[in-house]
Amino acid sequence: MARILITSAIPYINGIKHLGNLVGSQLPADLYARYARARGHEVMFVCATDEHGTPAELAAAKAGKPVAEYCAEMHEVQKDLSDGFRLSFDKFGRSSSPQNHALTQYFAGRLADNGYIEEVSERQVYSKADGRFLPDRYIEGTCPNCGYDKARGDQCENCTKQLDPTDLIDPRSAISGSTDLEVRETKHLYLRQSLLKDELDAWISSKTDWPVLTTSIAKKWLHDEGGLRDRGITRDLDWGVPVKRGDADWPGMEGKVFYVWFDAPIEYIAATQEWADENGLGDAAWQRWWRTDKGADDVRYVQFMGKDNVPFHALSFPATILGSGDPWKLVDYIKSFNYLNYDGGQFSTSQGRGVFMDQALDILPADYWRWWLLSHAPETSDAEFTWENFQASVNKDLADVLGNFVSRVTKFCRSKFGEVVPAGGAYGPAEQAVTQQIAARLSSYERHMEAIEIRKAAAELRAIWAAGNEYLQEAAPWAAFKDDPDRAAAIIRFSLNLARLYGILSAPFIPDASAALLKALDAEDADWPQDVEAALQALPAGHGFTVPDNLFRKIADEEREDWQTRFAGQRG
RNA sequence: GGGCCUGUAGCUCAAUUGGUUAGAGCAGAGCGCUCAUAACGCUUUGGUUGGGGGUUCGAGUCCCUCCGGGCCUACCA
C-alpha cells in the first residue's frame, strides 16, 4: 500500500465550467483517485476554487454583489456541481481561506528571507474611472501596425503582433470604455525564479516519464529568450491575500495583494489543512502529506491540469517550494491535457458555446458524461466532442455492451432459476478460457491506470465488458437449459460473477452505475480482485440478488438533434 | 515572428519509440442467435499513413520542404 497525494488544477471562481474544463483536470484526477483507493492505497485528493484576481472582482461587480459574497455563492455552486459529477475530493477548498492566507504569507516571508524576492518599481496604466490598475489585456485601442480598433494591450488579435499598452492608439479601458487613463508608478514584489533556473532545469530533465506536453512547455519557458524570467507576484487589487512577510507587515506594500497565481497552488496545501481543521485533526494530519520531514517522504504526488496551467505547476510553484528552503513535497508526476473542442470549434464560456457542467447534469446522469469524456480524454492532442459520437458511445458502450449484458444474465436467471445464484454444474474449459482472457486484460487495464493512460484504460475496460457477451453467445445457456439444466446453472453462475466483477472494475469510470449494479447483486462490499479465478467464484450458489433496472438508457436521435441546436451558442 | 503539438479507414482513435501484410471501436455489408435495452455473436468491405523529396536493408515513426489544424509566447487565469 502506498500513499498518493492527488491535486486537480483549481477551477476559477467566475462562472460554471464547461466539459472541456472538467475533462482537463478534475475528472481524470477523480478517476485516478478512485482507482488508487480501490487498489487499497491511502489517498488524499484535494481541489478548490481559485477566487482571486481581476476577473473575480469584475464578475462580482457585474452581479452587483460584494466580491466576498459572490465568491462564497459561486463556491457553493461549483461544489454542488462537482458533487453531481461524483468528484470524490477529500476536500474542495477555497483559495480565499484563512489557511491559504497564512500559508501564502508564510511562503512569501521565507522566500524573502532566502533572497528570492525583489522589490521592483514599475509603471502601469491606471484607470481613474474604474479606480484600478489595468492589466495589459484590459486595455483596448487601435493597433499601430494594422489599424485594428479592438487590439488588446498585450497583443493584437488581428495581426497577432505583440504589443505594449503604450503602443496603442486611443487607448481605453476594456472594462468601462473610459479613456481617462494615466501611467502611474507602482511597486511590486518579484519572485526571482531565474536564480533557480539551473536547479529547475535539472529537475525537469530528470522527469523522463512525464508527458511530452508537460516537459516541452516547461523547457520552452526555461530556455526561451535567455531563460526563465522573474515574475511579479503582487497586484494592486483589493480582493486577495494581503501582502505580508509571514506575520509581519511589508513596508511599502500596504494595500496590495499577492498575485492569484502565487497563492493558487499554495491552496493545494491549504486545502489539505482545511480538511484537517474541518475534521478536528491536528497539523500532523495534513503535514504528513506535505512535509517530507513529517512523514511525506513516502508520498507520491500527482497533479492534473490543462496545458495552460503547466508553466505555473512545473516551474513557478516548484520555485516557490525550493526557494522556501523548507522540506515541502515537490510534485512527482504532472499529467497535463490538451483541449476538448466542441463540434468543430472551441468551447466558449463568453459565447455560451458548448455544454456546461450544470446543463450536462440536467439532461443526463453523470456516468454518461464521465464515460464519454474519460474514454475520449485529450491526452495526445486536442479532442473533439460531437453529439453523434457521444450518442454512439453511450448507446453502444454503456447500454448495449455493459447494460445489456447485465440485463440478459439477470433476467434469464430470474425466469429459469429465480433471483438467486443457481447451484449445479461446474466451471469447465469455456469458463477457464474467459477467466484467462479477462485476467490478461485486467493486468493491462491496471497497467494503463497506473500509467494514467486514460483512453487506453477505457478501451481495455470496454473489451472486458465485451468478453461477457462473447462468452454468453458461445456458452448459450438458453440452449443448454433445455437438455442440461446443470450446465446452464454453471454458465449463469459464472455470468453473474462476471457482472459483479464488472461492477468493481468499472467503478472508477462510472461510480453510480457500478454501485447500482453491486447493490442489485447484493455485493456492495466487493474488493478489487487480487485473483480473477477466485473473484469469479465470489457469488456462491444460493446467493440472492435482484434484477436491477436498466443501468443505462439510450439517447434517441430526436434528443440528440434537440441538444445539438440547444447548445450551439448563446447560453441562456 | 519564434517555439511546441498535430494530420493515419466515412467518424473517434491505436501502432511496444526504425522492424513482417498499419490495427481497434463505431458506421456499412453478409450470416448466425433468440436470454436480453430491436439487444448479442461471427465474418467482412474500407488506407499511396496530408503532398513531394531524402536517409536506411527497412519509414506512419528520423531529416528537408510545402499544405492544413491547434496551443503557447510570461500583466487573463
Side-chain angles (χ1 to χ4, degrees), chain A residues 9-14 50 52-56 58 122 124-125 133-139 152-155 159-162 164-165 174 188 193 212-213 215-217 219-221 223-225 228-232 235 259-261 264 306-312 315-316 338-339 341 346 372 375-376 378-386 388-393 395-401 403-416 455-456 458-459 462-463 466 468-481 488 491-492 495 549-554:
Chain A
I10 65 179
Y12 199 66
I13 193 70
N14 69 342
D50 180 15
H52 299 137
T54 307
L58 296 180
E122 55 192 18
Q124 288 188 352
V125 174
F133 282 94
L134 297 177
D136 291 359
R137 246 173 228 231
Y138 284 91
I139 304 164
R152 292 186 321 213
D154 57 340
Q155 188 173 32
C159 66
T160 73
K161 286 244 166 48
Q162 288 189 55
D164 189 271
H188 283 298
Q193 45 187 20
V212 183
L213 186 63
T215 49
S216 66
I217 293 173
K219 284 178 179 169
K220 157 81 166 138
W221 280 56
H223 301 296
D224 191 42
E225 289 180 39
L228 189 61
R229 287 173 239 168
D230 295 338
R231 187 163 190 124
R235 292 291 182 273
Y259 176 40
V260 52
W261 261 116
K307 57 185 166 185
D308 51 331
N309 278 344
V310 168
F312 304 99
L315 300 169
S316 300
N338 287 281
Y339 290 146
N341 290 320
Q346 294 187 341
W372 189 89
S375 61
H376 295 78
E379 290 176 294
T380 50
S381 63
D382 290 354
E384 177 86 6
F385 177 92
T386 64
E388 288 83 357
N389 193 298
F390 176 66
Q391 179 192 24
S393 286
N395 290 356
K396 204 69 200 172
D397 299 347
L398 295 182
D400 292 347
V401 177
N404 183 51
F405 173 76
V406 171
S407 188
R408 63 197 296 207
V409 170
T410 52
K411 286 177 183 171
F412 181 86
C413 184
R414 180 173 61 186
S415 81
K416 307 299 184 198
R455 285 182 307 185
K456 288 179 183 174
R462 188 194 186 282
N469 284 314
E470 290 163 21
Y471 162 75
L472 214 52
Q473 187 66 29
E474 176 73 23
W478 48 89
F481 185 76
I491 294 166
I492 292 303
S495 299
D549 293 336
N550 285 346
L551 293 178
F552 304 97
R553 75 174 184 86
K554 295 204 190 191

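Each chain gets a letter, A, B and so on, in the order its sequence line appears, and its residues count up from 1.
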K.L.:
What is the distance, rounded to the nearest whole Å, between atom CG of A/Asp50 and atom P of B/C76?
P.N.:
14 Å
K.L.:
Would you check, one step at a time, whether the test side chain to side chain donor-acceptor pair (under 3.5 Å) holds for A/Thr54 with A/Arg137?
P.N.:
CA-CA 11 Å; A/Thr54 307; A/Arg137 246 173 228 231; over 6 Å; no
K.L.:
Does A/Glu384 contact B/C13 through a side-chain donor or acceptor facing the base, at a distance under 3.5 Å?
P.N.:
no
K.L.:
If you measure from the C1' atom in B/A74 to the same atom in B/G2, how many Å do you get, rounded?
P.N.:
14 Å
K.L.:
Look at all strands and tell whether A/Phe133 reaches a base, only sugar-phosphate, or nothing, counting heavy atoms closer than 4.0 Å.
P.N.:
nothing
K.L.:
For B/G54, decide between syn and anti, treating a glycosidic angle within 90° of 0 as syn.
P.N.:
anti
K.L.:
Give me the distances for all protein-to-nucleotides 4-10 of chain B N/O pairs that come in under 3.5 Å?
P.N.:
from: B/C4; atom 1: O2'; to: A/Ser216; atom 2: OG; distance (Å): 3.4

K.L.:
A/Tyr12: which residues meet the ring-ring contact (aromatic ring centres under 6.0 Å, His included) condition with it, sequence neighbours left out?
P.N.:
none
K.L.:
Taking atom C1' in both B/G25 and B/U20, what distance in whole Å separates the two?
P.N.:
25 Å
K.L.:
Using the P atoms only, state how far B/U44 lies from B/G19, rounded to an integer number of Å.
P.N.:
27 Å
K.L.:
Round to a whole Å and report the spacing from OH of A/Tyr339 to C1' of B/G69.
P.N.:
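The distance from OH of A/Tyr339 to C1' of B/G69 comes to 16 Å, rounded to the nearest Å.
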K.L.:
Between A/Ile491 and A/Ala475, which heavy-atom pair has the shortest distance, and what is it?
P.N.:
CD1-O, 3.5 Å
K.L.:
Just to be sure I understand the rule, does A/Ala463 reach a base, reach only the sugar-phosphate, or reach nothing, if contact means heavy atoms closer than 4.0 Å?
P.N.:
nothing
K.L.:
C1' atom, B/U17 versus B/U12: distance in rounded Å?
P.N.:
24 Å
K.L.:
So, using side chain to side chain donor-acceptor pair (under 3.5 Å) as the criterion, who are the partners of A/Trp372 when residues are at least two apart?
P.N.:
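A/Trp372 satisfies side chain to side chain donor-acceptor pair (under 3.5 Å) with A/His376, A/Asn389 once adjacent residues are dropped.
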K.L.:
ring-ring contact (aromatic ring centres under 6.0 Å, His included) with A/Phe412: which residues, sequence neighbours excluded?
P.N.:
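Once residues adjacent in sequence are excluded, A/Phe412 has no partner under the ring-ring contact (aromatic ring centres under 6.0 Å, His included) criterion.
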K.L.:
Name all residues meeting the side-chain contact (heavy atoms from CB on, under 4.5 Å) criterion together with A/Ala392; count only those two or more places apart in sequence or in a different chain, and write none if there are none.
P.N.:
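Here no residue qualifies.
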K.L.:
Looking only at side-chain atoms of A/Pro135, point me to the closest of B/A77, B/C75, B/G70.
P.N.:
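Looking only at side-chain atoms, A/Pro135 lies closest to B/C75.
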K.L.:
When the distance from NE2 of A/His223 to C1' of B/A74 is rounded to whole Å, what number comes out?
P.N.:
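Going from NE2 in A/His223 over to C1' in B/A74 covers 16 Å.
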K.L.:
Taking atom P in both B/A27 and B/A39, what distance in whole Å separates the two?
P.N.:
9 Å
K.L.:
Rounded to whole angstrom, note down the P distance from B/G58 over to B/C67.
P.N.:
30 Å
K.L.:
Tell me every residue that passes side-chain contact (heavy atoms from CB on, under 4.5 Å) with A/Glu122, counting only those two or more places apart in sequence or in another chain.
P.N.:
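A/Glu122: side-chain contact (heavy atoms from CB on, under 4.5 Å) contacts with A/Val120, A/Gln124, A/Thr186, A/His188, A/Tyr190.
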K.L.:
Under the rule for side chain to side chain donor-acceptor pair (under 3.5 Å), what residues qualify as partners of A/Asp230, not counting sequence neighbours?
P.N.:
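Side chain to side chain donor-acceptor pair (under 3.5 Å) list for A/Asp230, sorted by chain: A/Ser194.
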K.L.:
Holding to side-chain contact (heavy atoms from CB on, under 4.5 Å), I want the full list of residues that pass it with A/Arg553, two or more places apart in sequence or in another chain.
P.N.:
A/Leu364, A/Tyr368, A/Glu559, A/Trp563
K.L.:
Which pair of heavy atoms, one from A/Arg231 and one from A/Tyr259, lies closest together, and at what distance?
P.N.:
NH2-OH, 3.9 Å
K.L.:
Calculate the interatomic distance between A/Asp136 atom CG and B/A74 atom C1'; express it in whole Å.
P.N.:
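It is 11 Å, rounded to the nearest whole Å.
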K.L.:
With syn defined as a glycosidic torsion within 90 degrees of 0 and anti otherwise, which applies to B/U17?
P.N.:
syn
K.L.:
So, is A/Arg455 near the phosphate of B/A24, with a side-chain N or O under 4.0 Å from OP1 or OP2?
P.N.:
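Negative; the distance criterion is not met.
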K.L.:
What does the B/S/- profile of nucleotides 27-40 of chain B look like, 5' to 3', with a 4.0 Å heavy-atom cutoff to protein?
P.N.:
-----BSSBBB-SB
K.L.:
Measure from OH on A/Tyr138 to C1' on B/C75 and round the result to the nearest Å.
P.N.:
11 Å
K.L.:
Is the distance from OP1 or OP2 of B/A15 to the nearest side-chain N or O of A/Lys456 less than 4.0 Å?
P.N.:
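For B/A15, OP1 or OP2 has a side-chain N or O of A/Lys456 closer than 4.0 Å.
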K.L.:
Tell me the interatomic distance from A/Glu379, atom CD, to B/A14, atom P, rounded to whole angstroms.
P.N.:
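Atom CD in A/Glu379 sits about 8 Å away from atom P in B/A14.
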K.L.:
Please check if the number of heavy atoms outside A/Asp549 that lie under 6.0 Å from its CG is greater than 12.
P.N.:
no
K.L.:
Would you kindly give the CD-to-C1' distance between A/Glu122 and B/A74, to the nearest whole Å?
P.N.:
13 Å
K.L.:
With RNA chain B as reference, determine whether A/His376 or A/Pro55 sits nearer its 5' end, using the nearest nucleotide of each.
P.N.:
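With A/His376 and A/Pro55 compared, the 5'-side residue is A/His376.
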K.L.:
Provide the distance between the two P atoms, one in B/A14 and one in B/C62, to the nearest whole Å.
P.N.:
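One P to the other, the span is 15 Å.
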K.L.:
Mind checking A/Gln391 for me? I need base, sugar-phosphate or nothing, with any heavy atom below 4.0 Å counting as a touch.
P.N.:
nothing
K.L.:
Which heavy atom of A/Leu472 sits nearest to which heavy atom of A/Phe405, and what is that distance?
P.N.:
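Shortest heavy-atom separation between A/Leu472 and A/Phe405 comes out as CD2-CE1, 4.1 Å.
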K.L.:
Can you tell me how far C1' in B/G52 sits from the matching atom in B/G10, rounded to whole Å?
P.N.:
26 Å
K.L.:
Just the rounded figure in Å: distance from C1' of B/U73 to CZ of A/Arg137.
P.N.:
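Atom-to-atom, A/Arg137 to B/U73, this comes out as 10 Å.
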K.L.:
What nucleotide among B/C26, B/A77, B/A74 has an atom nearest to a side-chain atom of A/Asp308?
P.N.:
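Among the listed nucleotides, the one closest to the side chain of A/Asp308 is B/A77.
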K.L.:
Where are the stems of RNA chain B, defined as at least 3 consecutive Watson-Crick or wobble G-U pairs with both distances under 3.5 Å?
P.N.:
B:1-7 with B:67-73, B:10-13 with B:23-26, B:28-32 with B:40-44, B:50-54 with B:62-66
K.L.:
Tell me, please, which residues at least two apart from A/Asn338 pass side-chain contact (heavy atoms from CB on, under 4.5 Å).
P.N.:
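A/Asn338 satisfies side-chain contact (heavy atoms from CB on, under 4.5 Å) with A/Leu213, A/Lys307, A/Pro378, A/Asp382 only.
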K.L.:
My understanding is that only residues two or more places apart in sequence, or in another chain, count here; which of them pass side chain to side chain donor-acceptor pair (under 3.5 Å) with A/Ser375?
P.N.:
none
